[in-house]
Amino acid sequence: MIIKTPFSNLIINWYHIYGRKNLPWKKHKHIYLVWISEIMLQQTQVNTVIPYYIKFIKKFPNIKCLANASLNEILSIWSGLGYYKRAHNIYKTIQLIKKEKNYYFPESFEELIKLPGIGKTTAGSILSFSKGYYFSILDTNIKRILVRFYYLKPQTSIYTLEKYLWNIINLITPIYNTDKFNQGILDVGSTICTHKNPKCIICPLKKYCIAYSINDINYSLLYNKKKKIKNKKSWFIIINCKNHVWLEQRKLQKIWNGLFCFPEFFSFKKACQWLKKYQIYNRNLTQNKVYKNYKISNIKLDIALLIINVNYKINFYTKNPNFWFNILKISNISVGMPTFTKLLLQQFTKNHTHFNKGL
DNA sequence: CAACCGTGGGG
DNA sequence: TCCCCAAGGTT
């Protein structure tokens with residue numbers, strides 16, 4: 001049983017003094033701006049989001065601006081932030097709002113939760129932060145606090161645990177000052193009750209925190225929660241011509257969908273077949289192979305880069321939109337794994353012999 | 001329900 | 001270096 005505690009008052013009092021009130025998405029409470037921030041913040045830490053958020057609202061300051069944007073324009077700003085389905089969902093949502101809602105952003109929980117990419121926590125966050133409405137939220141930070149504070153035992157399934165945690169947060173979320181409570185508990189979770197080395201000494205909850213009182217702040221939400229890591233291998237073909245490279249916009253792919261990437265193949269043979277098909281002259285393909293390991297969530301991707309230099313631009317035919325991109329202007333494009341790609345192309349323009357070392 | 005989607009930071 | 005994980009939602 002969850003015993004009544006001054007939990008919410010402790011959080012709200014703490015928030016008034018220490019809460020983060022200067023985050024870029026705290027300057028205005030317009031629901032559109034809060035929506036963008038909440039989508040960006042899904043599974044993404046505050047410091048990572050800030051520059052992307054600023055860039056996004058600078059380019060699309062309001063609903064009508066975003067409604068005129070193409071998917072590619074949205075993706076180009078999202079490039080590097082990850083979880084690109086979120087950008088696709090923003091595009092879907094804004095089109096719906098344009099065509100069916102007369103540019104009016106929904107302000108009810110029932111409507112919000114129907115929108116793509118908006119679940120219980122995101123809908124609750126949007127409404128509590130922009131309108132001050134009473135909705136609980138439950139994210140990773142809050143889960144961690146609850147598990148420690150009430151010293152919850154690991155449950156047999158994620159489903160059971162989630163249901164349990166939602167019940168608790170619904171009980172302790174205050175009807176008044178919901179927005180301050182929600183923001184405060186997020187701030188405590190991400191800055192004090194951290195996963196590793198929590199700063200219990202300065203925590204406003206320490207007086208009533210069971211894990212702290214019995215000196216056991218290590219927690220686990222589930223028994224034997226092991227992540228399976230898959231090993232995959234890909235061959236990317238990099239065709240270089242006079243400071244331009246060939247990129248394809250990925251279609252119907254699980255990863256980097258809609259983004260521009262080097263043509264990807266799942267065997268060396270298929271990569272060679274592609275080159276042969278388009279009659280790309282290449283003398284030392286095997287010598288130009290460069291290997292790189294890239295981690296994507298639960299995938300270890302072993303990448304082989306097949307680097308080919310041509311001195312004339314080839315007209316390819318593929319099913320995908322495809323372009324020659326100026327290497328120096330690549331930052332304006334919605335590229336998958338942009339940091340990796342930019343570093344790659346930087347080395348590429350300098351000296352091919354440094355390829356193996358530089359990466 | 002478990003797997004999946006990205007990337008960067010911290011220990 | 002390696003492993004874990006983060007303002008979750010979808011299938």
Side-chain angles (χ1 to χ4, degrees), chain A residues 19-20 23-26 34-53 75 78-90 92-93 112-126 128-129 135-145 155-163 165-166 169 179 182-191 193-198 218-222 224-230 232 250 253-259 261 293-301 334-343:
Chain A
R20 289 183 286 189
L23 295 169
W25 43 91
K26 292 291 172 192
V34 177
W35 167 53
I36 297 299
S37 73
E38 289 306 326
I39 300 295
M40 284 190 168
L41 285 161
Q42 288 171 355
Q43 289 290 285
T44 313
Q45 292 178 326
V46 165
N47 288 337
T48 306
V49 167
I50 288 174
Y52 288 90
Y53 176 80
L75 281 172
W78 213 273
S79 173
L81 190 57
Y83 285 133
Y84 298 99
K85 190 172 272 186
R86 296 182 294 177
H88 290 259
N89 285 336
I90 282 181
K92 284 182 192 169
T93 298
L112 283 179
I113 203 146
K114 286 179 193 163
L115 296 172
I118 297 183
K120 279 172 79 177
T121 290
T122 303
S125 297
I126 291 172
S128 74
F129 292 143
F135 286 104
S136 299
I137 59 174
L138 183 64
D139 79 317
T140 313
N141 291 306
I142 300 171
K143 289 175 191 173
R144 192 170 54 245
I145 291 177
Q155 305 291 312
T156 50
S157 75
I158 289 181
Y159 179 74
T160 312
L161 182 71
E162 292 280 308
K163 233 170 62 174
L165 291 170
W166 271 109
I169 198 64
D179 51 347
N182 284 347
Q183 186 59 47
I185 194 169
L186 286 175
D187 291 344
V188 170
S190 59
T191 63
C193 195
T194 47
H195 174 70
K196 286 186 179 177
N197 301 331
N218 292 320
Y219 73 101
S220 68
L221 297 175
L222 281 172
N224 290 331
K225 193 185 173 189
K226 286 180 187 174
K227 279 190 178 178
K228 292 177 184 175
I229 295 175
K230 289 184 178 177
K232 292 188 176 179
R250 295 164 72 99
Q253 304 246 16
K254 285 183 178 177
I255 194 159
W256 302 311
N257 193 32
L259 298 171
C261 292
N293 222 308
Y294 199 78
K295 278 170 262 174
I296 311 157
S297 296
N298 58 338
I299 299 170
K300 274 188 180 175
L301 186 59
S334 52
V335 189
M337 43 180 179
T339 304
F340 173 77
T341 305
K342 281 173 200 167
L343 192 62

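Naming convention: chains lettered A, B, ... in sequence-line order (proteins, then strands); numbering from 1 in each chain.
- When the P atom of dC3(C) is taken as reference, atom NE2 of His195(A) falls 15 Å away, rounded to whole Å.
- Within the nucleic acid shown, Ile142(A) has no heavy atom closer than 4.0 Å to any nucleic acid atom.
- For the pair Asp187(A) and Ile118(A), nearest-nucleotide mapping onto DNA chain C gives the more 5' position to Asp187(A).
- As rounded to whole Å, 12 Å separates atom C1' of dG8(C) from atom CG of Asn141(A).
- Among residues two or more places apart in sequence or in another chain, the side chain to side chain donor-acceptor pair (under 3.5 Å) test is passed with Thr339(A) by none.
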(message) Walk along nucleotides 4-11 of chain B from 5' to 3' and tag each nucleotide B, S or - by protein heavy-atom contact under 4.0 Å, base first, then sugar-phosphate.
(response) SBBBS--S
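- Rounded to whole Å, the distance from CD on Glu38(A) to P on dA6(C) is 17 Å.
- Following rounding to the nearest Å, His88(A) (NE2) and dT10(C) (P) show an atom-to-atom distance of 15 Å.
- Using a 4.5 Å heavy-atom threshold, the side chains of Lys120(A) and Phe135(A) count as separate.
- The side chain to side chain donor-acceptor pair (under 3.5 Å) search around Ser128(A) returns Asn182(A), not counting sequence neighbours.
- Residue-level contact check: Glu162(A) touches neither bases nor backbone, having no heavy atom under 4.0 Å from any strand.
- With rounding to whole Å, Asn89(A) atom CG is found 7 Å from dT10(C) atom P.
- Partners of Asp179(A) according to the side chain to side chain contact (heavy atoms under 4.5 Å, CB included) rule, which considers only residues two or more places apart in sequence or in another chain, are Lys29(A), Phe129(A).
- Within the nucleic acid shown, Leu138(A) has no heavy atom closer than 4.0 Å to any nucleic acid atom.
- Checked against side chain to side chain contact (heavy atoms under 4.5 Å, CB included), Asn141(A) has the following partners two or more places apart in sequence or in another chain: Asp139(A), Arg144(A), Leu186(A), Ser190(A).
- Rounded to whole Å, the separation between the P atoms of dG6(B) and dC2(C) comes to 24 Å.
- Within the nucleic acid shown, Trp78(A) has no heavy atom closer than 4.0 Å to any nucleic acid atom.
- Going from atom CD1 of Ile39(A) over to atom C1' of dG9(C) covers 9 Å, rounded to whole Å.
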(request) Apply the test side chain to side chain contact (heavy atoms under 4.5 Å, CB included) to residues Trp166(A) and Ser136(A): give CA-CA distance (whole Å), side-chain angles for both, the deciding distance (0.1 Å), then the verdict. (result) CA-CA 8 Å; Trp166(A) 271 109; Ser136(A) 299; 4.1 Å; yes
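- Each of Pro116(A) and Val46(A) has a nearest nucleotide on DNA chain C; the 5'-most of these lies closest to Val46(A).
- Distance Tyr159(A) OH to dA3(B) C1': 19 Å, rounded to the nearest Å.
- Using a 4.0 Å heavy-atom criterion, one finds that Ser190(A) contacts the sugar-phosphate atoms exclusively.
- Under the side chain to side chain donor-acceptor pair (under 3.5 Å) criterion, Thr44(A) pairs with Arg86(A), sequence neighbours left out.
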